[in-house]
Every structure is written in structure tokens, then in C-alpha cells.
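Only one structure is covered here, and it is reproduced in the block below.
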Amino acid sequence: MRAAEDRLLLGCLRLAGAAAGSIVLLIVAYLLAEALPALQALGPLRWIRDASWHPAGGAGAGRFNLSPMLIGTAAAATGAVLLATPLSIASALFCRFYAPRRLGGGYRRLVQLLAGLPSVVFGFWGLVVLTPLIGRWQPPGQSLLAGILILTLMILPTISLLAESALAAVPRAYGQAAAAMGLTRWATIRQVMLPAAITGLSSAILLGAARAIGETMAVLMVTGNVVRTPASLLDPVRTLTANIALELGYALELHRSALFVSGLLLMGMVALLVGISEALRPEERHG
Amino acid sequence: MSLPLRPQPCLEVRQLSVSYDRRCVIDAVSTVMHRSRITAIVGPSGCGKSTFLSCLNRLSDLTPGCRLSGSIRLDGDDILSARTDLIRLRRRVGAIAQRPNPFPLSIRRNITMPLEHHGLRHRDRREAVLERVLRRVGLWREVRGRLDQPALALSGGQQQRLCLARALALEPEVLLLDEPCSALDPVASGVVEDLIASLRGATTQVIVTHNLAQARRLADDLIVFWTDEGRGTIVEQGPADAVFTSPQSAITAAYLSGSRG
Ligand SMILES: Nc1ncnc2c1ncn2[C@@H]1O[C@H](COP(=O)(O)OP(=O)(O)OP(=O)(O)O)[C@@H](O)[C@H]1O
Ligand SMILES: [Mg+2]
């Protein structure tokens with residue numbers, strides 16, 4: 001009886017796993033198929049060697065340099081992760097170890113709300129509040145900086161909620177041992193809690209980074225979208241995602257296929273990130 | 001034995017009651033634990049022995065819903081008062097838990113990290129303490145070659161002795177031991193028992209044990225807990241010899257002779 005139930009469950013789980021896996025594979029295959037014409041016509045180097053991004057002229061007259069947008073995406077995501085990581089971990093630590101129960105609960109609700117806010121709302125807020133503010137200081141305001149700040153706000157709740165559940169998963173016994181040894185709260189956190197939660201914390205940061213790379217709408221609304229490698233934080237940039245969103249509507253033939261190449265590139269970046277975090281992951285501990 | 005002629009009180013518990021989420025589990029117990037002596041606490045499972053012990057270093061604070069009333073004096077100061085410096089209290093009153101709970105760090109760091117935290121700056125001195133305490137709990141020969149491996153990879157009994165070594169490293173005045181030998185084989189158990197006996201005269205020890213033979217071997221004083229409809233109380237206490245040879249209450253007599261509990 002039991003064994004039959006188990007077999008049924010196993011079957012269902014295998015089916016679900018296979019479905020999830022094959023969906024990813026199908027999407028990659030589709031991206032590859034759509035990108036293939038451009039990759040064949042242009043070769044591997046024109047994406048970084050061409051003088052500019054003017055993809056409408058076909059293989060001869062068109063220019064296909066994706067690197068300014070690649071750099072735009074990398075810069076915006078890196079900046080946001082660097083800003084959001086310490087803030088979100090601080091927020092998780094506050095919620096978990098310092099806030100009185102009531103306050104902690106209310107605060108968590110607030111962060112959850114922030115996590116659920118549609119990205120277009122973030123973009124809208126950035127457009128009418130943030131960019132004018134930056135613009136007053138250094139026109140035009142639509143800039144890499146604005147993109148970084150908006151992305152920071154967007155991934156902050158993601159990282160912070162995941163970091164908090166990573167900390168919550170640390171066995172209570174560790175905290176009790178630390179208290180019994182007369183460790184202060186901060187020493188307990190630094191010496192015991194953070195090391196014990198490191199795997200969960202790094203995957204929290206990873207998911208935040210992936211969200212930052214993939215975010216489209218909010219970034220598109222605040223970064224100015226000029227295709228140029230930014231020389232400073234205050235220059236406008238265009239990210240790969242914004243580029244796809246802006247141009248896919250009218251792109252034809254080789255141009256369209258080139259946009260799929262940038263989609264592949266995005267996917268590659270996220271895969272790279274997952275690979276890095278997998279490599280950095282400490283060995284699973286015993287016990 | 002180098003016991004002072006007249007035992008001096010170290011921990012004085014008066015009318016201590018403990019409840020978890022309003023459910024009373026210890027009901028107005030009063031007792032005294034004497035300086036530099038070994039007090040053994042025995043009693044059936046669930047009668048509040050671990051709970052009682054956790055009040056003595058205020059680890060009970062960590063359990064949400066746990067409320068204490070009454071007073072516990074350590075050298076005359078009420079440790080249940082809101083002004084108590086908990087860090088200092090727990091430094092003076094070391095404890096090892098019923099279930100071993102080493103930090104998820106290396107064997108070495110389990111001992112050196114708290115030392116460092118409590119101000120032992122010299123690396124060499126920390127290493128010296130590390131070796132000394134690991135020898136005392138009989139773990140040195142077993143782990144000397146793998147001090148930098150995770151403590152959680154040790155066996156349960158080894159983890160328990162590591163926790164004991166960790167507590168000893170801070171040289172506490174009082175040591176609370178909650179069934180320190182329950183996970184140990186007879187050899188390791190003997191090592192720990194010898195250690196506890198060797199600390200007699202230097203450290204005030206309170207040990208919870210289910211092993212009556214062990215209590216008989218180790219205890220200077222004995223406290224017998226009992227549970228009355230879920231409320232833990234003390235049915236008998238006094239010098240161990242006296243309680244073992246001529247118990248006053250019928251419950252104790254039956255329990256100590258092994259026919260109940
Ligand atoms: N964290 C807790 N929350 C609620 N109730 C608890 C908690 N810890 C212990 N109790 C209850 O308090 C009572 C005493 O438990 P305690 O662990 O102190 O017993 P014990 O004498 O140490 O038993 P054992 O010999 O089995 O270790 C039990 O009824 C137990 O269910
Ligand atoms: Mg217990």
C-alpha cells in the first residue's frame with residue numbers, strides 16, 4: 001500500500017521535473033533557432049567590433065555592436081547588487097534579531113509589499129521623482145545612476161526576504177549555544193549565524209542579481225536608453241533588456257535575429273552567475 | 001576531599017516558578033546549591049530538570065513564552081533582576097545542553113572563538129587553552145589531527161565532550177551539566193565523570209542525571225524533582241549520603257531504589 005503511494009508520488013514528481021526541465025530546454029532551443037541566422041551571417045566578432053548599433057541595414061550596411069548594452073546591463077546590475085546586498089542583509093538581521101516582535105512583523109509585511117510592487121510602478125516613480133531629482137543636480141537625470149537606484153529598490157526586498165528565511169533556517173541550538181557561552185548578539189550573528197546561513201544568503205544574492213539583470217520596464221523608463229558605453233554614472237545607458245523591448249516591435253529579418261542574440265546573451269549571463277555561485281558554494285556540512 | 005567544613009551557599013533559589021505559555025511546569029521550588037560542591041538533580045522525565053537548569057543562567061530568556069517568578073541569588077545578587085548583565089552571568093555560569101550543540105565551525109574555532117570574544121588576544125595562549133581543555137575531556141588524541149575540520153562531523157559523544165571543553169575553556173565559577181553522559185560510551189563517560197569529580201572544590205557544579213549510580217558516585221548534595229500533575233516540585237533534598245541512605249518521603253525511597261520513575 002505504502003509502496004504504491006510512494007511510486008505514484010515519485011512518478012508525479014518525475015513528470016513535473018521533466019516538464020520544468022524541458023520548458024527551459026525548449027526556450028533555449030527557440031532562442032538559438034531564432035538567433036542562428038544572425039550568428040551565421042555576422043560571425044562571432046562583429047557583435048563587439050562593429051562601430052555602432054544600427055541594425056536596420058542588413059548584414060552589409062548594418063552595424064551590430066552589442067557591447068555598450070552589455071556593459072550597460074552589467075554596470076546597472078552590479079551597482080544594484082553592490083548597493084542592495086549590505087542593505088538587505090542589514091534589513092534581514094534587523095527583522096530577525098533586533099526588532100521587537102510586533103515591529104518586526106509589520107516591517108516584514110512592508111518588505112513583502114515592496115517585493116510585490118509591479119516593476120512599472122517602480123519605473124513610474126523613478127521617472128517622475130528620481131530622474132528629475134538627479135536631473136536638477138546633473139541634467140538630464142535619466143542615467144545609469146537612476147537605473148542602479150531603481151534596481152536597488154527592486155531587488156532589496158527580494159534579497160532581504162530570502163536572506164531572512166536563510167537566517168530563520170539556522171537551528172535554534174546554535175543561538176542557544178552562543179548565548180550560553182556569553183557571546184554578544186553581534187558576535188553571535190557574525191561568528192555563528194552568518195556563517196551558518198551562508199549558502200542561503202548567497203543564493204538570495206544570486207536571485208537578486210538575476211532579477212536585476214532581467215528587469216526591463218523600470219530600467220527602460222529611467223535610464224535614457226542612449227546606445228553608448230557610459231563613461232560615468234550620470235550618463236544615459238541602454239540595457240540589453242530595454243533594447244529588446246524597445247526594438248522588437250518593428251525589427252525585421254537580421255535585426256530581429258540580432259535581438260534574439262542579445263536574449264541569448266542575457267541567458268548566458270544568468271547561467272554564468274549560477275555557475276559562479278555553485279562553484280563558490282561551501283561543501284555541504286555534516287549533521 | 002578539600003571541602004570547606006561548612007558548605008557556603010552559591011546559588012540560592014527561592015520560590016521559583018516557571019511557566020511555558022501560562023502552563024506552570026515548575027511550582028515554587030526553593031533550594032540551595034553550595035559553593036565548590038557537586039549538586040545532582042534526579043527525577044523522572046519531564047519533571048522540569050532542564051527547565052530548572054536553564055533558569056540558573058537565564059538561558060530561559062531565549063524561549064518565547066517562558067516566564068519566571070521568584071528569585072535566584074548568585075553570591076547574593078538576584079540574577080532574575082532586569083539589571084543583570086547577562087553576558088557576565090553566562091560567563092560565570094557555564095552550561096552544557098542536554099543535546100550537544102557545537103557551533104557549525106571547525107573543532108578549533110568552537111573553542112578559540114569564544115575565548116577570543118572574551119578577550120584572550122594572544123593566539124598562542126588560545127592554542128594552549130585549546131589543547132588543555134581537549135585533553136581534559138579526553139578528546140585530544142581523537143581530534144588533534146583534524147582540528148580544522150567541522151565540529152558537526154564528530155560523533156554525538158565527541159560533540160558532547162567538545163561542548164564540555166568549550167564551556168571549561170572559559171573557566172566558569174558554576175557549571176551546569178544537563179545529562180552530560182547520556183550520549184557517551186562507558187569509557188568516555190568515565191573520563192567525563194572523572195573530570196567532574198576533579199573539578200570538585202574548584203567549581204560549583206549542578207548536574208542533571210538519570211543515572212542513579214552516577215549520582216551516588218558524584219553527588220555531594222542531591223535534589224529530587226517530582227512532577228505532580230505536570231507541575232515540577234522538589235520532593236527531597238539534602239546531603240547525598242543522607243538522602244540515599246534514609247530518604248524522608250516514600251516517593252523518593254521508591255524512586256531511588258529503582259522501583260518507580
Ligand atoms: N520550550 C518549551 N515550550 C513549552 N513547554 C516546554 C518547553 N520545554 C519544556 N517544556 C515542558 O516543560 C516540562 C519540563 O520539561 P523539561 O525539559 O524541563 O523536563 P526534564 O525534567 O528535563 O525532562 P528529561 O529528563 O526528559 O530531560 C515538560 O512538560 C515539557 O513538555
Ligand atoms: Mg531534560
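In what follows, chains carry the letters A, B, and so on, assigned in the order in which the sequence lines appear, proteins first and then strands, with residues in each chain numbered from 1.
How far CD of A:Gln191 is from CG of B:Asn110: 11.5 Å, rounded to the nearest 0.5 Å.
Contacts between B:Leu59 and chain A at a heavy-atom distance below 4.5 Å involve the side chain alone, from C-beta outward. In this structure, chain A has a heavy atom under 4.5 Å from the backbone of B:Pro102, while its side chain stays farther away. With a threshold of 4.5 angstrom between heavy atoms, B:Leu170 approaches chain A through side-chain atoms but not through N, CA, C or O. In this structure, the portions of B:Arg166 lying under 4.5 Å from any heavy atom of chain A include both its backbone and its side chain.
Near-neighbour residues of residues 87-108 of chain A relative to chain B, defined by a heavy atom under 4.5 Å from a heavy atom of that chain, comprise A:Arg101. Interface residues of residues 159-177 of chain A toward chain B, defined by a heavy-atom distance below 4.5 Å and sorted by number: A:Arg172, A:Ala173, A:Tyr174, A:Gly175, A:Gln176, A:Ala177.
With contacts defined as side-chain heavy-atom distances shorter than 4.5 Å, the pair B:His117/A:Thr184 qualifies.
Other residues, nucleotides and ligands place no more than 12 heavy atoms under 6.0 Å from the CZ atom of B:Arg99.
When each of B:Ile96, B:Leu176, B:Asn101 is scored by its heavy-atom pairs under 4.5 Å with chain A, the top score falls to B:Asn101.
The heavy-atom pair separating A:Gly182 from B:Ile87 by the smallest distance is O-CG2, 3.2 Å.
Here the rule is side chain to side chain contact (heavy atoms under 4.5 Å, CB included) with A:Met181, and of B:Pro172, B:Pro114, B:Cys163 only B:Pro114 fits it.
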